[in-house]
*Asks:* 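So that we are looking at the same thing, I have put the structure below in structure tokens.
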Number of protein chains: 2
Amino acid sequence: MATIRDLARQCGVSVATISRVFNNPEVVNAETRDNVLRVAARIGYQPNESARTLATKKSYMVGLIWDTDHRRPGWRHPFFQEIIIGLKTALSERGYHLLMLATSDDEGSHLRAAKRHNLDGVVFIDNGTQDPALTQLAESDVPCVSLDRPITGPRTTYVISDNAGGARIAVNHLYEQGRRSIATIAGPGRTRPGIERLDGYRDALAALGLPERSHHVVEGDFYLAGGHAAMRRLLELDERPDAVFAAGDEMAIGAIRAITEAGLKVPEDIAVVGFDDIELAALVQPGLTTVAQDKGGFGTAAATALIAMIDTPATGSPPPSVLPTSLVIRGTTSTLPRTSP
Amino acid sequence: MATIRDLARQCGVSVATISRVFNNPEVVNAETRDNVLRVAARIGYQPNESARTLATKKSYMVGLIWDTDHRRPGWRHPFFQEIIIGLKTALSERGYHLLMLATSDDEGSHLRAAKRHNLDGVVFIDNGTQDPALTQLAESDVPCVSLDRPITGPRTTYVISDNAGGARIAVNHLYEQGRRSIATIAGPGRTRPGIERLDGYRDALAALGLPERSHHVVEGDFYLAGGHAAMRRLLELDERPDAVFAAGDEMAIGAIRAITEAGLKVPEDIAVVGFDDIELAALVQPGLTTVAQDKGGFGTAAATALIAMIDTPATGSPPPSVLPTSLVIRGTTSTLPRTSP
DNA sequence: CTGAAAGCGCTTACAG
DNA sequence: CTGAAAGCGCTTACAG
């Protein structure tokens, strides 16, 4: 590997000039600059990032904390792949790379890992726990962006979907389809999306003048089995709902299965709306009507917020990004002719 | 951040001794060592990775090249998430981190990016193209592991599933279920898995003494729509098959849809076996019998091969890893009572 | 077992 | 616009 010294020698200039050509080109004489660039290309010179980071304290690397512990199945969510890609793409447009941190790096101290590697920022995907290592990181001076979980700190913000708004859209849609007995399979009460989607459901019912029946609210776990179990409980009610808003697509699919097993039809007997718009939603039959989250938007918003904090040291914490959701209407709420794939 | 100099001062030793405590502990006096460790913990010292990398040329970082270009939908494959997690996990157990490289970093020269960042190795996920930047990297002295695509170089190896073996298992299983007219929806002929799975299908037919009918082989694209279209062609044949081996789960699901639309039943009229065992395979109804790939195994095998090359400079290219596949029997080939989720 | 010193490849005031 | 020099925080022969 050619070093800055080699290049300087070949160009007959000092290493300082070489450095300027790459970091502050407008300050060097055009002719010298062009020559340096030409020679650099010829001998394949490129600055060593470690040396650069050591000198500048800037690594152009953003850490990603993504807890993939087997014991917590949350990471299986098909969203993460799209979120990470969105993040990676948005970051790399600004010249940053993504460093995936080992889960229990440095005795679980993510902050230490961030310092060791001179990370310019960190983004973390909610792991559903109140991990003290994440809190410590959020409270530090390292720019942080949290996905899907509100968390605060001097240079910390978060990105989240408009969960309540999405839930309202879902309920309103069911109402427009003529449904008047709308139940919900909620997410776990300890998760932010679980809470907010339930709030939105309640708000929508109230706004529509529909009574809220406590037995029409059952809690699931965001997974298929939980949705299935929750639906069975709803089916046992005397006052059977004619529609269900499930706070997650997997639960919605579990619910549909329970409905079908009970000999009822979707959407004729019970209409179903999910939340997320996972790939599967379009593939099941009938297709699942659902509230789509802007997966790519998570990555873009996170990258934007992070880079704002990185580039402007004076910036404290930008306001959280609340991503709009949108309704995707498919077969589970509408009896229009089904389309072929 | 405390530096090695601070720590040395507080311990009353030289920086060389501090360095040894962390890199070569057995060579320093036990008492001194314990004291250094104690003080280090107290003041929160930890070595700066950039400085360390600059001095040693070893970054403990492995690059991941994962082409997520929108124009190529291949990256949507739900496998990648599991593969990446397996890789990350296996790597971090050995102290390595994963750096996700921007797709078109440095004018597409991944080799340059690897050099700049002092990467110890690189793994790349097949993007389905003959990317010259990948070839260049494979031919360099940088340890490389390719996933799902054979590629060679002085310090390059790859990990791939036993595609032909998996295809044979699938066909044999259909045979055991009494099927004698077994068609296949093959993967694209330009992809390695596509070719190998077709070979396995042919081998199995020959071994079973079944005739191979050319019109029973149709090519798909690994996606649902392709599987659907391919199946429609098979259904138009005079000699309709009683079983189909689809070289990918999404194609299998597309095929099932086509069969259902034609008013036929799975598995009664036509049994179906897929390949991959994506999450969806267990969620569709009836469940999809399929040849499971060892997703986690990709990551583990890649990490093992890479670290062997990194740790032993004398090592050339380890032999490729061929991961065993296994049959997962579900409803599309068996009419046993369906289980609830 | 330990220390002084050189070196890794950059950047950046400071002079000119 | 350019160069000499110090410095970023480590590691590692080389002596002792």
Side-chain angles (χ1 to χ4, degrees), chain A residues 1-37 39-40 43-61 95 106 112-120 313, chain B residues 1-37 39-40 43-61 95 106 112-120 313:
Chain A
M1 285 296 302
T3 132
I4 197 174
R5 190 149 248 113
D6 303 329
L7 183 55
R9 198 174 304 128
Q10 296 215 26
C11 296
V13 298
S14 73
V15 296
T17 297
I18 303 292
S19 178
R20 290 191 192 101
V21 167
F22 288 97
N23 298 304
N24 225 358
E26 61 282 1
V27 92
V28 8
N29 172 19
E31 250 177 84
T32 335
R33 188 207 312 148
D34 293 349
N35 184 245
V36 167
L37 257 14
V39 179
I43 70 175
Y45 167 77
Q46 53 189 329
N48 178 305
E49 292 296 338
S50 302
R52 190 190 264 227
T53 299
L54 178 59
T56 62
K57 261 73 196 109
K58 193 155 167 29
S59 64
Y60 283 96
M61 289 198 302
D106 300 319
R112 301 179 66 135
K115 297 286 192 188
R116 274 170 91 106
H117 292 278
N118 299 291
L119 298 182
D120 296 331
Chain B
M1 285 297 301
T3 131
I4 197 173
R5 191 150 248 114
D6 302 330
L7 184 54
R9 198 173 304 127
Q10 296 214 26
C11 295
V13 298
S14 73
V15 295
T17 297
I18 303 292
S19 178
R20 290 192 191 100
V21 167
F22 288 97
N23 297 303
N24 225 357
E26 60 283 2
V27 92
V28 9
N29 172 19
E31 250 177 82
T32 335
R33 187 206 312 147
D34 293 349
N35 184 246
V36 168
L37 256 14
V39 179
I43 70 175
Y45 168 77
Q46 52 189 330
N48 178 306
E49 292 296 338
S50 303
R52 190 190 265 228
T53 299
L54 178 59
T56 62
K57 261 72 196 114
K58 193 155 167 28
S59 64
Y60 283 96
M61 290 198 301
D106 299 319
R112 301 179 66 137
K115 297 286 191 187
R116 273 170 91 106
H117 292 279
N118 299 291
L119 298 182
D120 296 331

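Per chain, numbering begins at 1; letters A, B, ... match sequence-line order.
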*Asks:* Want to settle it: does Arg20(B) or Pro47(B) sit nearer the 5' end of DNA chain D, counting the closest nucleotide to each?
*Replies:* Pro47(B)
*Asks:* Could you check which nucleotide pairs with dC1(C) in any of the strands shown, counting Watson-Crick or G-U wobble with both distances under 3.5 Å?
*Replies:* dG16(D)
*Asks:* dC8(D) phosphate, OP1 or OP2: any side-chain N/O from Thr53(A) under 4.0 angstrom?
*Replies:* no
*Asks:* The side chain of Thr17(A) lies closest to which of these nucleotides: dT11(C), dT2(D), dC8(C)?
*Replies:* dT2(D)
*Asks:* Tell me which of Asn29(B) and Ala51(B) sits closer to the 5' end of DNA chain C, going by the nucleotide each one is nearest to.
*Replies:* Asn29(B)
*Asks:* Rounded to the nearest angstrom, tell me the gap between atom OH in Tyr60(A) and atom P in dT11(C).
*Replies:* 10 Å
*Asks:* When all nucleic acid strands are considered with a 4.0 Å heavy-atom cut-off, which category describes Ser19(A): base, sugar-phosphate, or nothing?
*Replies:* base
*Asks:* Indicate, with a heavy-atom threshold strictly under 4.0 Å, whether Tyr45(A) touches base, sugar-phosphate, or nothing.
*Replies:* sugar-phosphate
*Asks:* For dC14(D) and dC10(D), measure between their P atoms and round to the nearest Å.
*Replies:* 24 Å
*Asks:* Just call it for Thr32(A): base, sugar-phosphate, or nothing, with non-hydrogen atoms closer than 4.0 Å on any strand.
*Replies:* sugar-phosphate
*Asks:* Considering only dT11(C), dG9(C), dC10(D), which nucleotide approaches the side chain of Leu54(B) most closely?
*Replies:* dG9(C)
*Asks:* Taking Tyr60(B)'s backbone N and O only, do any of them form a donor-acceptor pair with Asp120(B)'s side chain (distance below 3.5 Å, no angle check)?
*Replies:* yes
*Asks:* Does Asp34(A) reach the main-chain N or O of Glu31(A) with its side chain, forming a donor-acceptor pair under 3.5 Å?
*Replies:* no
*Asks:* Looking at the side chain of Val15(B), which of dT11(D), dT11(C), dG3(D) is the nearest nucleotide?
*Replies:* dT11(D)
*Asks:* Under 4.0 Å from OP1 or OP2 of dT11(C): is there any side-chain N or O of Asn23(A) that close?
*Replies:* yes
*Asks:* Between Arg52(B) and dT11(D), is there a side-chain N or O to OP1/OP2 distance below 4.0 Å?
*Replies:* yes
